[in-house]
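Structure first, commentary second.
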Amino acid sequence: MRLRNIPRANEVIANSPMVIQEPEKQKGAWRELFKNDHPIHIEVGMGKGKFLTELAARHPKINYIGIERYTSVLLRAVEKLETQPENLCFICMDARELPEVFAAGEVDKIYLNFSDPWPKDRHAARRLPSRQFLERYDRILVQDGVVEFKTDNRKLFDFALEEVGPAGWKLELCTYDLHKDAELMKENIMTEYEEKFSALGNPICKMVISRERRTILEEVS
């Protein structure tokens, strides 16, 4: 996907109080930044921020961090916010750097929404629900932490399902048509892409995964 370059984006992002500069310096100290001990939820590939900003408004006792690689995309999220919520901030970074930015057990939940499918086989390791990224998530999540993934791309979703077991995770929830499940839709917040694709009639797939629990003996052996 080719992104339109916005010349002012880099400057705006570098000077926005919403965007944490040098986030690696916050590793292990994110709750100090928020000045509380509330859970930390992150969205990897947050796009224009609709999903995360609405979550932050609904749940003031959860700290939210949005991660977006491209300044021209993050710019839209920054400019839409008239005031900065106390429980929300953004980072402009590549998701491969997550273990350098968050300490072990520092994150309680990870959201992946409508991630880039990277359709070519040689790019499989770049897909956010790949086993390579699951290993990164494993390093920063609390023991009972979960990853929630939504997409309208059936091939990407099937790929993600195939990665779960071999990567040492387990499936907690799976649906191939989220919007037809009244119970799941009660707490669902739609992203910009979700609104667009569901309006076109595309089924939205969702899964929730957690890590397989291992006994001390299994870990030692």
Side-chain angles (χ1 to χ4, degrees), residues 1-10 12-13 16-20 40-60 62-85 87-95 98 109-119 123 126-130 133 137 146-160 173 175-182 184-208:
M1 176 179 66
R2 174 172 290 183
L3 296 172
R4 182 169 64 89
N5 181 52
I6 301 176
R8 61 189 171 84
N10 289 343
V12 172
I13 296 306
S16 171
M18 282 291 304
V19 183
I20 306 302
I40 293 176
H41 294 186
I42 70 175
E43 183 182 9
V44 182
M46 57 167 276
K48 299 176 183 177
K50 178 183 181 297
F51 174 82
L52 210 60
T53 53
E54 189 168 337
L55 267 181
R58 288 190 187 186
H59 305 287
I62 297 176
N63 300 320
Y64 293 96
I65 302 173
I67 296 167
E68 176 54 50
R69 179 179 180 181
Y70 301 103
T71 57
S72 293
V73 178
L74 185 54
L75 175 69
R76 301 306 188 193
V78 169
E79 291 188 330
K80 283 193 300 184
L81 284 172
E82 296 180 2
T83 58
Q84 178 178 353
N87 63 330
L88 175 65
C89 67
F90 304 137
I91 306 173
C92 189
M93 60 173 273
D94 191 304
L98 285 171
K109 181 181 286 190
I110 298 174
Y111 296 99
L112 310 175
N113 292 313
F114 299 86
S115 309
D116 190 329
W118 291 101
H123 293 153
R126 299 184 186 183
R127 299 168 189 162
L128 291 181
S130 69
F133 272 98
Y137 307 149
V146 298
V147 173
E148 295 193 4
F149 173 51
K150 289 195 294 185
T151 184
D152 72 314
N153 189 307
R154 180 60 183 269
K155 288 185 178 179
L156 179 61
F157 192 70
D158 288 342
F159 165 83
L173 179 150
T175 176
Y176 290 97
D177 201 342
L178 172 64
H179 289 204
K180 287 188 176 180
D181 190 313
L184 292 179
M185 284 298 291
K186 287 181 180 179
E187 297 296 323
N188 187 57
I189 295 175
M190 290 201 287
T191 71
E192 292 91 346
Y193 279 127
E194 186 170 352
E195 291 178 343
K196 174 183 176 181
F197 295 138
S198 61
L200 293 173
N202 296 1
I204 306 301
C205 303
K206 178 178 180 177
M207 72 179 194
V208 178

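Throughout, numbering of the chain's residues begins at 1 and tracks the sequence.
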Problem set entry | side chain to side chain donor-acceptor pair (under 3.5 Å) assessment of Asn188 paired with Glu194 | CA-CA 11 Å; Asn188 187 57; Glu194 186 170 352; 3.0 Å; yes

Seminar exercise, completed: Only one of Asp152, Leu156, Asn153 passes side chain to side chain contact (heavy atoms under 4.5 Å, CB included) with Phe114, and that residue is Asp152

For [X], give me all partners under ring pair (Phe, Tyr, Trp, His ring centres under 6.0 Å), at least two apart in sequence or on another chain.
X	value
His123	Trp118
Phe159	none
Phe90	none

For this session: Mind running side chain to side chain contact (heavy atoms under 4.5 Å, CB included) on Met18 and Leu88 for me, showing each step along the way?
Result: CA-CA 8 Å; Met18 282 291 304; Leu88 175 65; 4.1 Å; yes

Has the side chain of [X] got a donor or acceptor atom that lies under 3.5 Å from a matching backbone atom of [Y]?
X	Y	value
Ser130	Arg126	no
Asn87	Ile62	yes
Ser16	Ile13	no

For this session: For side chain to side chain contact (heavy atoms under 4.5 Å, CB included), just list the numbers for Leu112 and Tyr137, CA-CA rounded to whole Å, side-chain angles, deciding distance to a tenth of an Å, and then say yes or no.
Result: CA-CA 11 Å; Leu112 310 175; Tyr137 307 149; 3.5 Å; yes

Charged N to carboxylate O under 4.0 angstrom, [X] versus [Y]?
X	Y	value
Lys80	Glu192	yes
Arg8	Glu79	yes
Glu195	Lys50	yes

[atom1]-[atom2] distance between [X] and [Y], expressed to the nearest 0.5 angstrom:
X	Y	atom1	atom2	value
Lys155	Cys205	NZ	SG	13.5 Å
His59	Tyr64	NE2	OH	4.5 Å
Ile91	Ile67	CD1	CD1	4.5 Å
Glu148	Glu43	CD	CD	11.0 Å
Lys150	Met207	NZ	CE	13.5 Å
Ile6	Leu74	CD1	CG	11.0 Å

Looking at every non-hydrogen atom in both residues, tell me the closest pair between [X] and [Y] and how far apart they are.
X	Y	result
Arg127	Phe133	O-CD1, 3.3 Å
Leu98	Met93	N-CE, 3.7 Å
Leu178	Lys206	CD1-CD, 4.2 Å
Tyr70	Cys92	C-SG, 4.3 Å
Leu128	Val44	CD1-O, 3.7 Å
Phe197	Ile204	CB-CD1, 4.4 Å

Problem set entry | Between Phe157 and Tyr176, ring centroids under 6.0 Å | yes

For this session: Show the numbers, then the answer: is there a side chain to side chain contact (heavy atoms under 4.5 Å, CB included) between Ile189 and Leu55?
Result: CA-CA 8 Å; Ile189 295 175; Leu55 267 181; 3.6 Å; yes

For this session: Starting from the C-alpha separation in whole Å, work towards a yes-or-no answer on side chain to side chain contact (heavy atoms under 4.5 Å, CB included) for Leu173 and Leu184.
Result: CA-CA 10 Å; Leu173 179 150; Leu184 292 179; 3.5 Å; yes

Exercise. Just wondering, do Pro203 and His179 contact through their side chains at under 4.5 Å, heavy atoms?
Worked result: no

Exercise. Would one find more than 12 heavy atoms of other residues, nucleotides or ligands at under 6.0 Å from atom NZ of Lys48?
Worked result: no

Exercise. Is there a side chain to side chain donor-acceptor pair (under 3.5 Å) between Thr71 and Asn10 once you walk through the steps?
Worked result: CA-CA 6 Å; Thr71 57; Asn10 289 343; 2.9 Å; yes

